[in-house]
2 protein chains.
Amino acid sequence: MKKQGADILKQSALSITASRKDILDIFLASSSALAHQDIELKCSDKFDRVTIYRTLQTFLDKGIIHSIPTTENAVKYALCKDECIVSGHHHDNHVHFLCDACGITICLEEVVVPQVKLPKGYSLKDINMVVNGTCKKCKA
Amino acid sequence: MKKQGADILKQSALSITASRKDILDIFLASSSALAHQDIELKCSDKFDRVTIYRTLQTFLDKGIIHSIPTTENAVKYALCKDECIVSGHHHDNHVHFLCDACGITICLEEVVVPQVKLPKGYSLKDINMVVNGTCKKCKA
DNA sequence: TGACATTTGCAACAAAGTTGCAATCTCCAT
DNA sequence: ATGGAGATTGCAACTTTGTTGCAAATGTCA
């Protein structure tokens, strides 16, 4: 059986409400990362804008989704895999891809972020790697 | 002699105006990347908010500055080095560092972004790498 | 089922970004 | 050096995005 929004909520010890379920299902049904606006367009008829903000924030806090910064000044969100949380600390280690043609953002789960060596004095906690280019569908 | 804002404008074939010079000088005097707001705080008494938006956009278009996406939903800008533009195409190849403690964002010019191999079908144009951690000054 | 805590929607607000237009400034040819 | 064409700026009005407080509604668990 396919994973449902409700299952994820139980796992994270969150109360199960219509908005949370629906928003999670939108993520589960999407193959790409979503901006706040994408979600708003899909369910602003059902839920208040404020609820969407708060729900996304809750999901971030619980490590259910992670945020992907993009150069276009629009943060997008995508579901985390289970392995994403290591000993209470959220940890993404895959590369994100942003298509310049269609604007889609996706997690390349199979591409691991390479390590880098920082200059003396800097301590490293997290690496974020976003690749721009053309995706499969948009390839000329 | 130190490079001045006006020199950069000439190089880029932009007309020399007070706002462009001043904003470039702010970048030249700063050792870290700046958000729109940082610039606004420094010169909103002299220039209109709209002018700052338009000036930053012009600099981006001409490849004078590059934008750095951060997880906090605040794009920052930093001056490009001359080598940044290769055959008309802007090309950053260094890592950016964002300090979780003081929030400073800097270009680590000496740390080159490692290459990654994308899955079949994807074409790569640009890579953006932002490292989070603690900077020299904030180190415990 | 019922009480309690959590979540939601509403309203009002604050901040960030955009657009059109008239006034001003730059640049270049004379 | 000057004048005019074209680019740039400031202003005003507006849209979009994000935040906060509070009362009503909903979910959880005994």
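Below, all heavy atoms of this structure are taken into account, side chains as well, without hydrogens, waters or symmetry copies. On a predicted model such as this, the values are computed, not experimentally measured, just so you know. Numbered from 1 within each chain, the chains take letters A, B, ... in sequence-line order.
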Asks: Output the rounded distance in Å from CG (D45(B)) to P (dC11(D)).
Replies: 12 Å
Asks: Can any side-chain N or O of S12(B) pair as donor or acceptor with the backbone N or O of L14(B) at less than 3.5 Å?
Replies: no
Asks: K10(A) NZ to dC29(D) P: how many Å, rounded?
Replies: 11 Å
Asks: Does a side chain donor of either R20(B) or S15(B) reach within less than 3.5 Å of an acceptor in the other side chain?
Replies: yes
Asks: Please determine whether a side-chain nitrogen or oxygen atom of Q37(B) lies at a distance below 4.0 Å from atom OP1 or OP2 of dA15(C).
Replies: no
Asks: Can you check the R49(B) CZ to dT18(C) C1' distance for me, whole Å?
Replies: 9 Å
Asks: To the nearest Å, how far apart are K62(B) NZ and dA7(D) C1'?
Replies: 12 Å
Asks: Between P on dA16(C) and CD1 on I39(B), what's the gap in Å once rounded to a whole number?
Replies: 13 Å
Asks: Is it true that Q57(B) and D61(B) share a donor-acceptor pair across their side chains at a distance under 3.5 Å?
Replies: yes
Asks: Is there a side-chain contact between F97(A) and V111(A) in this structure, where contact means two heavy atoms from C-beta onward sitting under 4.5 Å apart?
Replies: no
Asks: For the residue pair L60(A) and S67(A), what are the closest heavy atoms and their distance?
Replies: CD2-N, 3.9 Å
Asks: Using a 4.0 Å cut-off on heavy atoms, which residues in residues 50-58 of chain B reach DNA chain D? List them by number, or say none.
Replies: V50(B), T51(B), R54(B)
Asks: How long is the line joining OH of Y77(A) and C1' of dT17(D), in whole Å?
Replies: 11 Å
Asks: Which residue pairs pass the side-chain hydrogen bond (donor to acceptor under 3.5 Å, both in side chains) test when at least one of the two sits in residues 41-53 of chain B, sequence neighbours left out?
Replies: D22(B)-K46(B)
Asks: T58(A) side chain to R54(A) main-chain N or O, any donor-acceptor pair under 3.5 Å?
Replies: yes
Asks: Show your working on side-chain contact (heavy atoms from CB on, under 4.5 Å) between H96(A) and I106(A) and close with a plain yes or no.
Replies: CA-CA 6 Å; H96(A) 293 108; I106(A) 54 180; over 6 Å; no
Asks: Using modelled atom types and a 3.5 Å cut-off, is there a donor and acceptor pairing between side-chain atoms of N128(B) and backbone atoms of V130(A)?
Replies: no
Asks: Can you tell me which nucleotide in dT18(C), dG9(C), dG10(D) comes closest to the side chain of D48(A)?
Replies: dG9(C)
Asks: Short of 4.0 Å, heavy atom to strand atom, which residues of residues 13-27 of chain A count as contacting DNA chain D?
Replies: S15(A), I16(A), T17(A)
